[in-house]
Amino acid sequence: MYTTHSEVDTGSGVPVKEPQRQLYYIELIKDIINKKENETGRKQLMYVNTFGCQMNAHDSEKLEGMLLEMGYGRAEKETEADFIIYNTCCVRENAENKVYGNLGMLKPYKKKKPDTIIALCGCMMQQSSVTDTIRSKYSFVDIVFGTYNLYRLPELLYSRLTSGEQVCEIMTGRGEIVENLPSVRHFRYKASVNIMYGCDNFCSYCIVPYVRGRERSRRPEDIIAEIKSLVADGVCEVTLLGQNVNSYGKGLEEKISFAELLRLVNDIDGIKRIRFMTSHPKDLSDELIYAMRDCKKVCRHIHLPFQAGNNDILRRMNRHYTKEDYLGLVEKLRENIPDIGITTDIMVGFPGEYNVDDTLDIIRKARFSGAFTFIYSKRNGTPAAVMEDQVDPAAVKKNFDSVLGEVNRICAELNLEKVGKVFEVLAEGVCGQDERLLSGRLEDNTLIHFEGDHSLIGSIVNVRVTESRIFYLMGKQEDL
Ligand code: SAH
Ligand code: SF4
Ligand code: F3S
């Protein structure tokens, strides 16, 4: 689950090109770490703490890949590590508060073990207000970098190790896509693959376009090559990742749509399941719906955030669709792919949203098999932050509770309908709560725990649903 790279020649100067340059620094750090291990008589350990979305989770796999290649081992907990890195998120205020809270707890640790290196990276660091706070209030942090230069961790760490000084590098602009750096996978049989970076949509509440930059698509041949090598390493399910996968291809020399990419991935031998996220309703084309319908390996599931139901709110959110457009898409999806599971993101309490009647209406009509529900959080620098009619938190809480209640009621109903039926499940691993059970997902992304032999892990199994809960199912392997 860990990619290594061929020998790098460290004798002939620092390479200018990437990824050779970072591979060069990795080699230099290997020596430093070796020396430290000889001095201390124990392995140097690292700990990566990830906040935020799948994009960050996947970035952390790349950070870990580089750190393992340098010679670090994995620490079980933060307070055993010699190198600690937080990959941060700023999509809502509480995500940022979590980072500051954890950081506060690191201060005494660093005091006790001053040789520990503490690094911060990710979305939060792309905001100058944050880097200013880090510099003034958290001066014990050693390395700070952002989302554009994640791949430069080796060079930045080398600079910190050799100079002993704090290193802070935040880039803006377009950001280079660097291929073929070491990476690890958190799961043996499933993997995430970035197909694009950044976002151009500028929904009026959202900070992501400011901290992840403009949309950049990876070349299809790089994506296909990565998936083929994952398959060769035992992966059978891939999730294609992007903030808005439906607009994949924009800006590439070769003209290619997301639907076309999906068909190319579907043709790869050995891949059993293909997922993707996230889709923006405004760019969900008929071509994509037909590709999902036709491609047997593409899971019957779509994550299609609608955020809010009221047309005036949707307009002020800059979402570029109406409630009717959204419900029309749901209908079209169900017509073409009858057993599709639709999941969504919902936000409550956007400025001016005093009631959630239209949101509840969409929930009832679309019947989501899952939903992430969020309370609107004001993000400085976004247009919504300066909108006048910010809603009273008590009213928001009440609306949020009714949205959550309705979402859960429908999820439970949909799960109950599955009881007694047989579904294909990719057995992903042993259930965290009960070692006798395996856990996996139905094609529509519903989680299921089921009785089955451990030898089934990594294969697709027929499972009969025996019980349903709000958020998951219980089942039993169906005898063939
Ligand atoms: N690109 C994806 C989602 C990225 S952020 C998409 O557009 O679907 C994930 C979710 O966080 C969003 O769908 C939205 O529901 C929520 N979100 C984004 N900004 C937020 C904010 N300021 N306050 C509360 N929730 C927010
Ligand atoms: Fe944010 Fe909208 Fe882009 Fe999603 S599509 S990341 S919500 S700006
Ligand atoms: Fe993801 Fe949070 Fe960044 S949701 S893109 S990690 S701001």
Side-chain angles (χ1 to χ4, degrees), residues 49-60 63 86-99 120-127 130 146-148 150 175 192 194-215 240-248 250 276-284 302-309 313-314 316-321 326 342-351 353 359 368 370-387 390-391 393 396 399-400 403-404 407:
N49 194 352
T50 310
F51 302 80
C53 66
Q54 283 206 31
M55 212 69 77
N56 258 19
H58 189 43
D59 281 349
S60 288
L63 294 170
Y86 286 1
N87 190 7
T88 63
C89 169
C90 56
V91 76
R92 284 169 290 277
E93 193 184 356
N94 57 9
E96 294 195 336
N97 289 345
K98 256 193 245 165
V99 170
L120 299 175
C121 68
C123 295
M124 217 173 136
M125 301 304 129
Q126 289 293 142
Q127 306 170 94
V130 171
T147 56
Y148 293 83
L150 183 110
S192 298
N194 284 117
I195 62 165
M196 60 197 295
Y197 302 92
C199 179
D200 283 352
N201 289 316
F202 289 94
C203 301
S204 63
Y205 50 80
C206 186
I207 194 84
V208 171
Y210 305 89
V211 296
R212 286 269 173 182
R214 298 290 59 73
E215 237 169 69
L240 310 177
L241 281 187
Q243 292 297 353
N244 177 12
V245 291
N246 304 2
S247 65
Y248 171 77
K250 240 173 42 183
F276 55 88
M277 72 184 299
T278 295
S279 298
H280 192 304
K282 81 175 165 61
D283 297 314
L284 178 61
I302 190 162
H303 186 68
L304 194 65
F306 79 91
Q307 314 298 358
I313 300 288
L314 284 170
R316 294 198 302 124
M317 283 180 163
N318 197 29
R319 291 288 290 180
H320 299 280
Y321 55 84
Y326 187 87
I342 306 179
T343 55
T344 197
D345 291 351
I346 307 169
M347 190 189 307
V348 178
F350 183 81
E353 192 191 51
T359 298
F368 298 107
F372 295 113
T373 45
F374 305 107
I375 287 183
Y376 166 72
S377 166
K378 190 160 125 178
R379 305 285 66 209
N380 285 338
T382 63
V386 290
M387 287 181 187
Q390 306 280 331
V391 186
V396 175
N399 286 336
F400 181 80
V403 164
L404 191 62
V407 161

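Numbering of ligands and ligand atoms starts at 1, following listing order. Quick caveat, the model's predicted, so the values are computed rather than measured.
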Peer 1: Is the shortest distance from a heavy atom of Val208 to ligand 1 less than 4.0 Å?
Peer 2: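 False for this residue.
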Peer 1: For ligand 1, which atoms, with element, lie under 4.0 Å from some heavy atom of Arg379?
Peer 2: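 Answer, ordered by atom number: 22 (N).
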Peer 1: Sort out the contact shell of ligand 2: every protein residue with a heavy-atom distance below 4.0 Å, listed by chain and number.
Peer 2: Cys199, Asn201, Phe202, Cys203, Tyr205, Cys206, Val208, Pro209, Gln243, His280, Arg319
Peer 1: Atom 3 (Fe) of ligand 3 to Cys123: any N/O/S contact under 2.8 Å?
Peer 2: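 Here the distance criterion (N, O or S atom, under 2.8 Å) is met by Cys123, so yes.
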Peer 1: Assess whether a salt bridge exists between Glu353 and Arg316, defined as any Lys/Arg side-chain N lying under 4.0 Å from an Asp/Glu carboxylate O.
Peer 2: no
Peer 1: Answer with side chain, backbone, both or neither: which part of Tyr205 has a heavy atom less than 4.0 angstrom from an atom of ligand 1?
Peer 2: both
Peer 1: Could you list which atoms of ligand 3 come closer than 4.0 Å to a heavy atom of Val91?
Peer 2: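 Matching atoms, with element in brackets: 2 (Fe), 4 (S), 7 (S).
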Peer 1: Any idea which atoms of ligand 3 are less than 4.0 Å away from a heavy-atom of Gln243?
Peer 2: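 Going through ligand 3 atom by atom, the ones under 4.0 Å from Gln243 are 5 (S).
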Peer 1: Heavy-atom contact under 4.0 Å between Lys282 and ligand 1?
Peer 2: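 False for this residue.
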Peer 1: Give the atom numbers and elements of ligand 1 that come within less than 4.0 Å of a heavy atom of Pro305.
Peer 2: 8 (O)
Peer 1: Of all heavy-atom pairs between Glu215 and Asn244, which one has the smallest distance, and what is that distance?
Peer 2: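 Where Glu215 meets Asn244 most closely, the heavy atoms are OE2-ND2, 4.4 Å.
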Peer 1: Near Arg92, which atoms of ligand 1 are under 4.0 Å from a heavy atom of that residue?
Peer 2: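 Those atoms are 11 (O), 16 (C), 17 (N), 23 (N), 24 (C), 25 (N), 26 (C).
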Peer 1: With the threshold set at under 4.0 angstrom, would you say Met55 reaches ligand 3 through any of its heavy atoms?
Peer 2: no
Peer 1: Could you check whether Asp283 pairs with Lys250 (Lys NZ or Arg NE/NH1/NH2 to Asp/Glu carboxylate O, under 4.0 Å)?
Peer 2: no
Peer 1: At what distance is the nearest protein heavy atom to atom 10 (C) of ligand 1, and which residue and atom is it?
Peer 2: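 For atom 10 (C) of ligand 1, the nearest protein heavy atom comes out as Asp345 OD2, 3.4 Å.
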